[in-house]
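Naming: A, B, ... by sequence-line order, numbering from 1 per chain.
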There are 2 protein chains.
Amino acid sequence: MSNRPPSMRDVARLAGVSLSTVSRVMRGVPGVSPVVRERVQSAADELSYVVSRNASGLVTGRTGRVAVIVPFLQPWFFGSVLAGISDTLRHADLDMLVHQVGELRGQRGWTRSLPLRRNSDAVITVSMDLSSEECERLDDVGVPLVLTGQKVPGRACVFIDDRQGAAKATRHLLNLGHTRVAYIGSTGGPWLSLSSRHRLEGYRAAMADAGLPEWSVLSSPGRRGGELAMGELLAEHHPPTAVLTEFDDMAMGAYRTLRRSGVPVPGAISLMGFDNHEVASVLDLTTVDQAPRAIGTAAAELTIGILNEDAPHRHVEMPTQLILRQSTSTVRERP
Amino acid sequence: MSNRPPSMRDVARLAGVSLSTVSRVMRGVPGVSPVVRERVQSAADELSYVVSRNASGLVTGRTGRVAVIVPFLQPWFFGSVLAGISDTLRHADLDMLVHQVGELRGQRGWTRSLPLRRNSDAVITVSMDLSSEECERLDDVGVPLVLTGQKVPGRACVFIDDRQGAAKATRHLLNLGHTRVAYIGSTGGPWLSLSSRHRLEGYRAAMADAGLPEWSVLSSPGRRGGELAMGELLAEHHPPTAVLTEFDDMAMGAYRTLRRSGVPVPGAISLMGFDNHEVASVLDLTTVDQAPRAIGTAAAELTIGILNEDAPHRHVEMPTQLILRQSTSTVRERP
DNA sequence: ATGCTCAATGGCATCGTTTTCATACAGTTG
DNA sequence: CAACTGTATGAAAACGATGCCATTGAGCAT
């Protein structure tokens with residue numbers, strides 16, 4: 001293992017100049033003659049020297065890092081958002097610190113347990129659905145805060161219009177001629193409850209507009225919840241001919257129940273999800289896309305904008321898009 | 001926005017002690033009376049002070065951060081590995097820096113472009129399938145390197161026995177009475193090529209052991225490749241009665257083709273994947289689990305061990321496990 | 001009382017940068 | 001030739017922690 005990584009002093013010695021000059025060259029600021037600049041550059045290359053963010057950050061007060069807080073890392077969605085964030089931050093020469101909150105959440109003062117303060121220039125939360133109290137706790141860190149997946153007045157946020165997305169989906173089903181359109185939603189989940197509410201509202205609004213009665217079943221979030229909820233619906237005397245679920249994961253559970261019960265999709269029941277899960281295409285599931293990667297990109301851009309003080313707009317609404325596949329079709333009443 | 005984050009000096013002043021004492025308390029080292037310790041602690045809490053890793057790292061030479069390098073962030077697999085790493089590192093009070101290499105890979109000297117040097121205490125690569133030259137480049141950073149998803153003699157690695165896993169899967173199909181067992185593999189993928197090779201070898205070995213002819217189709221990695229490959233197999237005069245794919249993603253593509261062609265699974269063809277993708281259960285896909293989260297955990301533990309100098313074992317082989325679901329069954333010849 | 005030990009605490013140099021200020025030197029001008 | 005530019009360069013003081021060494025004072029044996 002190498003003894004000690006080279007310091008700026010080593011570069012200075014090798015190039016025969018002072019520390020200040022090396023610093024100027026490394027930061028690319030003017031005020032160094034081309035000859036010297038060249039000499040310093042090649043000295044640095046020779047030692048394969050890179051500036052210690054630790055040390056420079058100490059002086060500048062900037063760490064060159066952005067902390068990203070996610071509830072969990074496993075679900076598909078977060079990987080996509082992180083991918084967007086990561087790519088965008090790299091171009092601004094910022095590193096990405098990832099904190100998975102997970103089960104820690106709920107413990108009083110989990111925001112404290114993260115070593116954010118002084119260790120990042122900004123904080124991005126991903127679908128954390130923060131309470132205003134939690135927001136304030138994070139404000140306390142003293143760096144800009146950018147939220148995704150929730151809309152809070154006066155704060156920098158990136159979000160989608162869940163209400164509109166769900167309404168769009170519902171209208172798609174209604175346009176196909178369905179009148180008995182049920183909704184499977186989640187309840188009591190550990191996060192996303194705000195988005196849950198909005199999606200349900202969107203469905204309700206669309207149904208009301210069409211003058212049709214709403215029909216919603218709430219279950220535990222996740223695949224299992226979808227399975228159970230669909231079971232309930234099938235047990236009805238007159239089951240629905242179309243079902244919209246709050247997210248693709250629940251749709252997959254519902255799909256499983258349908259397959260096991262021998263109910264043809266979309267023959268007897270049209271099924272729709274929400275999210276455009278990476279495997280929705282495998283199931284040919286009609287769904288609503290929310291472009292998670294683009295959300296990440298937007299959040300990172302917003303963050304960079306704020307850090308550069310040229311903060312333009314603080315609210316970014318991402319579009320949702322209907323993805324039509326094979327799991328929905330016009331209504332065909334069963335005999 | 002607050003003026004300036006509190007420094008250790010502020011805490012010291014508030015608690016009426018010296019800098020050294022605060023430092024001792026924050027690091028939890030002995031040599032401070034309980035009374036003072038308590039006083040300092042509450043002063044720190046009041047200011048919601050946390051130590052600056054930047055500053056402490058400057059002195060100790062440790063950054064308190066571990067860099068994780070992944071090819072991409074979107075695929076399900078990486079999220080799971082990261083989840084394992086993240087949780088484990090947190091307990092050791094280490095932060096996780098994530099670098100997505102993505103398209104950068106392949107550019108000469110991509111290892112240089114990452115600001116690793118001096119900015120992390122260790123580097124973990126996830127399924128990067130590094131060449132020995134790339135390894136050396138990373139050694140150059142001067143911090144311990146831990147590889148996952150590949151086995152390199154003399155280096156700290158975490159990996160699974162792909163060969164054995166594929167052989168296990170193949171034998172499962174053979175035990176069900178299948179004799180025409182095909183393999184769908186990937187070719188020319190941007191990464192994972194080593195693991196690809198091993199899985200194919202495992203399949204071949206199992207077939208050879210059973211005295212049966214191998215039958216493999218290589219296609220582009222990913223779902224689309226699976227679709228196409230399965231199309232090819234179905235076009236044969238005597239299609240196989242069982243198909244093993246290199247990974248679940250390809251199995252999903254294959255599954256789609258089968259569904260569209262009206263071939264019942266597992267009625268006419270038994271289908272197996274490899275990875276235990278989070279949605280394999282939705283499709284009731286029999287597969288081989290490689291516990292990505294556990295891989296992450298193991299890699300992080302290995303890293304921590306090395307950092308604490310008590311590095312025990314440098315090679316960790318993770319077990320694979322057959323996950324039996326509904327997509328495989330005993331052979332039933334079609335009429 | 002005196003000397004000794006040991007735990008608790010404070011002082012200060014140090015880490016590797018940035019930043020401000022001072023200096024040297026070349027070129028221009030009156 | 002003196003005074004004034006302005007541009008390169010260097011010296012030194014931060015930044016916020018750690019870690020070594022010195023100091024203090026209490027407890028105890030002599």
B/Met128 and B/Pro71, any side-chain heavy atoms less than 4.5 Å apart: yes
Inter-end axis angle, the helix from C/dA1-D/dT30 to C/dG30-D/dC1, with every axis fitted to five base pairs (rounded, 10 degrees): 60°
Salt bridge (Lys or Arg N to Asp or Glu O under 4.0 Å) involving A/Glu134 - partner list, sequence neighbours excluded: A/Arg105
Qualifying residues under salt bridge (Lys or Arg N to Asp or Glu O under 4.0 Å), relative to A/Arg37, sequence neighbours excluded: none
First and last nucleotide of DNA chain D, 5' to 3', lying under 4.0 Å from heavy atoms of chain A: D/dA8 to D/dG16
Residues that A/Trp110 engages under ring pair (Phe, Tyr, Trp, His ring centres under 6.0 Å), provided they are two or more places apart: none
Taking every non-hydrogen atom, the tightest pair across B/Met8 and B/Val51: CE-CG1, 4.1 Å
Side-chain donor or acceptor of B/Gln100 paired with backbone N/O of B/Leu73 under 3.5 Å: yes
Under 4.0 Å protein heavy-atom contact, by nucleotide of nucleotides 17-25 of chain C - B base, S sugar-phosphate only: BBB------
Side-chain donor or acceptor of B/Arg53 paired with backbone N/O of B/Gly64 under 3.5 Å: yes
Residues forming a salt bridge (Lys or Arg N to Asp or Glu O under 4.0 Å) with B/Asp139, sequence neighbours excluded: B/Arg155
Residue pairs, two or more places apart or on separate chains, that pass side chain to side chain donor-acceptor pair (under 3.5 Å) and touch residues 57-68 of chain B: A/Asn54-B/Arg65, B/Thr63-B/Asp121
Partners passing salt bridge (Lys or Arg N to Asp or Glu O under 4.0 Å) against B/Arg39 (at least two apart in sequence or in another chain): none
Pairs flagged by side chain to side chain donor-acceptor pair (under 3.5 Å) wherever residues 67-78 of chain B is involved - sequence neighbours left out: A/Ser80-B/Gln74
For DNA chain D, the residues among residues 32-47 of chain B that have a non-hydrogen atom under 4.0 Å from it: none
A/Phe159: ring pair (Phe, Tyr, Trp, His ring centres under 6.0 Å) partners, not counting sequence neighbours: A/His315
